[in-house]
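Notes for the one structure printed next.
We use all heavy atoms of the structure for the numbers below, so side chains are in, but hydrogens, waters and symmetry mates are not.
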Amino acid sequence: MACGLKRASYKFGHHAVHDLPPMPGASAGMRLYDSYHCSRYNTQTKRLTEAMFQAVFRDIVAELGPQ
């Protein structure tokens, strides 16, 4: 996986949030948000609904706070 991280340490799950460790020289880590891709297959099979997709971005915006 990128940046020397192991994929198994960050198991995918829709709307899962993973705190990544800081990269060398960085003062803070990053946060990774998981979401199913908004493909025709995922939306037609209801694996991903519009509400599910919006909820992920609503949480990201809330975490970022007012700009």
Side-chain angles (χ1 to χ4, degrees):
M1 189 170 170
C3 302
L5 302 174
K6 295 183 181 186
R7 186 183 313 177
S9 299
Y10 307 98
K11 186 176 178 181
F12 175 83
H14 179 77
H15 211 159
V17 180
H18 308 281
D19 289 317
L20 306 179
M23 296 287 101
S27 60
M30 292 185 281
R31 184 163 278 175
L32 174 67
Y33 288 84
D34 293 349
S35 176
Y36 287 116
H37 185 269
C38 53
S39 67
R40 180 179 297 168
Y41 177 82
N42 285 343
T43 57
Q44 288 182 350
T45 60
K46 303 293 186 210
R47 176 173 288 182
L48 178 67
T49 65
E50 184 176 347
M52 291 168 62
F53 195 62
Q54 289 177 352
V56 173
F57 285 91
R58 187 172 44 248
D59 287 354
I60 293 169
V61 169
E63 183 176 322
L64 293 174
Q67 298 293 319

Leu20 side chain near Tyr10 side chain, heavy-atom distance below 4.5 Å: yes

Main-chain N/O of Leu48 paired with Asn42 side-chain donor or acceptor, under 3.5 Å: no

Cluster link Val61 to Val56, ILVMFWY, side chain under 4.5 Å: no

Flag side-chain contact, heavy atom, 4.5 Å: Tyr36 against Tyr41: no

Contacts of Glu63 that satisfy salt bridge (charged side-chain N to carboxylate O under 4.0 Å, His left out) - sequence neighbours left out: Arg31

Any donor-acceptor pair under 3.5 Å from Asp34 side chain to Gly13 backbone: yes

Pairwise distance CE(Met23) to CE(Met30) - rounded to 0.5 angstrom: 5.5 Å

Connected via hydrophobic side-chain network under 4.5 Å: Phe12 and Ile60: yes

Thr43 OG1 to Met52 CE distance, which is reported to the nearest 0.5 Å: 11.5 Å

Heavy-atom donor-acceptor pair, His18 side chain to Lys11 backbone, under 3.5 Å: yes

